[in-house]
Protein chains: 2
Amino acid sequence: MTGLRERKKQHTRESLVRAAYELFVEKGYDATTVDEIVAAVDVSQRTFFRYFASKEEVAFSLQALVTERYLEAVRSRPPGESPVELLRSTLDETWESIGEAIEEVVPLTLYMRMWQIIETTPALLAVQLRHAAGMEEQLAAEVARREGVDPDADPRPRVLVAAFSGVMRAAFRCWSSGEDITVEAAQQAVESYVDQLGPALSRDWERHPAPRTPPLPG
Amino acid sequence: MTGLRERKKQHTRESLVRAAYELFVEKGYDATTVDEIVAAVDVSQRTFFRYFASKEEVAFSLQALVTERYLEAVRSRPPGESPVELLRSTLDETWESIGEAIEEVVPLTLYMRMWQIIETTPALLAVQLRHAAGMEEQLAAEVARREGVDPDADPRPRVLVAAFSGVMRAAFRCWSSGEDITVEAAQQAVESYVDQLGPALSRDWERHPAPRTPPLPG
DNA sequence: TGTCAATTGTCAGCGGCTGTCATTAGCCTC
DNA sequence: GAGGCTAATGACAGCCGCTGACAATTGACA
């Protein structure tokens, strides 16, 4: 087992995350002061900034966990899938795993509300988009590696990942602005949006709106 | 003609933009202080914040102009084009117009260097991505209007725009990290990336890397 | 137990940003 | 052209995010 010092550190860190999340959800991100967060955990402000480089960072400590999991899952996927299938099926595979990982730190409902706050707070939204862009980089690199192409010479990995991520973001945005803030609803939104990618790019859209629950492929 | 007061205001505003751009390009965004900007124009710091809500905003005063132009061009496009064609051909159409509009305020090379700074400064990159997301919203709304679908019920407009914007962003990123920082190079990068969208989504990628200058459709 | 190193608290200070209020300067009327 | 009116500016104080530096504390380990 790890030493006392190590455990204490992890404890303060998690306490700070929890306190921050609760305050952000309760009174909003901008209205929450770092002083208030550290007061709730009873540490000095200086200590906070030794754990987190900025007030924003604490808000994304769990988001980082999520993207890390997804990337790992993509990397450990068996070969043989086409790039689109890779991204799509990894999504299917990792939903529960990610949900469980989150709940080890904070309740899932709190995390969901935090996501809403991120989407509605301009400063946080901006940072989230930047993080997503960072993940795109790594995803594109992995796709290129799998397909044996040079990611700097062949635009297709980046193009695919960019399109895929864009669609995912649109889906999350739709989900987080809706009423059903559950993992299942998120999963539903993302998958239905992804399935619309092909039709949306087709030359002529049929006049009738696409069904909310699109037909399953195959 | 406008009064003296109005002209003075516009003058200070443009002076602030120019001074800011030059300082940002010269010593970097983070290393540039608002105090330095206002010192170069000889106004008080308070005045700066009456013109721009934040230090970031002055860096994007021209970006706003660009997206505005593109949106207008999309809106004034004749009907009959498919959604993808709409976005693609508006792009072709507006390159020079936008370039000219920029040069009325600052030299194009300065603007290009500023773009590089935005892409390489985390704080600015984040804000730019947020602005892009805002434009996506409006683009999706326009696409939905043209196709006569409900943007809240039919995910295709958002999906298409998300994919298209993601690809554009990837192209700009590639361009801004390269050596040829000209409008033509940007145009070239964007159009070749957009043309790779279909191939990238196809089930099986051919093993050979796609050509940098892809074959024209049709 | 005593030494060493890691962690923390305290303090001073910078830079972004805002509210407030007095001052200046363009506008408009007589 | 002198007057009042209003918009724009400057000056000041102050909050908040964030950092460097140094001293105090506390776990680790011989």
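The shown structure was predicted, so the numbers you read here are calculated from the model rather than taken from an experiment. The sequence lines fix the lettering, A, B, ..., with proteins before strands; numbering per chain opens at 1.
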Practice task
Using a 4.0 Å heavy-atom cut-off across all strands, classify Tyr51(B) as base, sugar-phosphate, or nothing.
Solution key: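 Sugar-phosphate only.
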Handout entry: side chain to side chain contact (heavy atoms under 4.5 Å, CB included) partners for Asp180(A), two or more places apart
Key =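 Listed in chain order: Thr182(A), Ala185(A).
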Exercise for the section: Using a cut-off of strictly less than 4.0 Å between a heavy atom of the residue and any atom of DNA chain D, enumerate the qualifying residues of residues 13-24 of chain B by number. Expected result: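 Close to the strand, none.
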Handout entry: Residue list, side chain to side chain donor-acceptor pair (under 3.5 Å) with Ser44(A), at least two apart or on another chain
Key =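 For Ser44(A) the side chain to side chain donor-acceptor pair (under 3.5 Å) partners, ignoring immediate neighbours, are Thr47(A).
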Problem - Residue whose closest nucleotide on DNA chain C lies nearer the 5' end, Glu56(B) versus Ser44(A) - result: Ser44(A)
Exercise for the section: Report the distance from atom OG1 of Thr33(B) to atom CD of Gln45(B), rounding to the nearest 0.5 Å. Expected result: 9.5 Å
Practice task
Please confirm whether Lys55(A) makes a cation-pi placement over Tyr29(A), using NZ or CZ under 6.0 Å from the six-membered ring centre and within 45° of the ring normal.
Solution key: yes
Only pairs at least two apart or in different chains count here, so list each salt bridge (charged side-chain N to carboxylate O under 4.0 Å, His left out) that has a residue in [range].
range                       : result
residues 120-145 of chain B : Arg173(A)-Glu137(B), Glu137(B)-Arg158(B), Glu142(B)-Arg145(B), Glu142(B)-Arg146(B)
residues 61-77 of chain B   : Arg77(B)-Glu81(B), Arg77(B)-Glu93(B)
residues 20-49 of chain A   : Lys27(A)-Glu36(A)

Problem - Listed partners of Phe52(B) passing ring-ring contact (aromatic ring centres under 6.0 Å, His included), at least two apart - result: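 With sequence neighbours excluded, Phe52(B) shows a ring-ring contact (aromatic ring centres under 6.0 Å, His included) to Phe48(B), given in chain and number order.
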Handout entry: For His11(B), ring-ring contact (aromatic ring centres under 6.0 Å, His included) partners two or more places apart
Key =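 For His11(B), no residue satisfies ring-ring contact (aromatic ring centres under 6.0 Å, His included) once neighbours in sequence are set aside.
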Practice task
Using atom types as modelled and distance alone, determine if a side-chain donor or acceptor of Ser165(B) lies under 3.5 Å from a backbone N or O of Ala162(B).
Solution key: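 Looks like no, no N/O pair under 3.5 Å.
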Taking only distance into account, with no hydrogens and no angle test, what donor-acceptor pairs under 3.5 Å do side-chain atoms of residues 106-115 of chain A form with protein atoms, sequence neighbours excluded?
residue: Tyr111(A); atom: OH; partner: Gln63(A); partner atom: OE1; Å: 2.3
residue: Trp115(A); atom: NE1; partner: Glu119(A); partner atom: OE2; Å: 3.3

Exercise for the section: Any chance you could list the contact pattern along nucleotides 19-30 of chain D? Use B for base contacts, S for sugar-phosphate-only contacts and - for none, protein heavy atoms under 4.0 Å, 5' to 3'. Expected result: BBB----BBS--
Handout entry: 5' to 3' contact window, DNA chain C with chain B (heavy-atom distance under 4.0 Å)
Key =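 Terminal contacting nucleotides, 5' to 3': dG16(C) to dC27(C).
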Practice task
Would you sort out whether Thr12(A) and Tyr51(A) count as a side chain to side chain donor-acceptor pair (under 3.5 Å), showing the intermediate values?
Solution key: CA-CA 9 Å; Thr12(A) 20; Tyr51(A) 280 92; 3.1 Å; yes
Handout entry: Residues within residues 28-41 of chain A bordering DNA chain C, heavy-atom distance below 4.0 Å
Key =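 When residues 28-41 of chain A is checked for heavy atoms under 4.0 Å from DNA chain C, there are no hits whatsoever.
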Handout entry: Taking every non-hydrogen atom, the tightest pair across Pro155(A) and Tyr193(B)
Key = CB-CE1, 3.5 Å
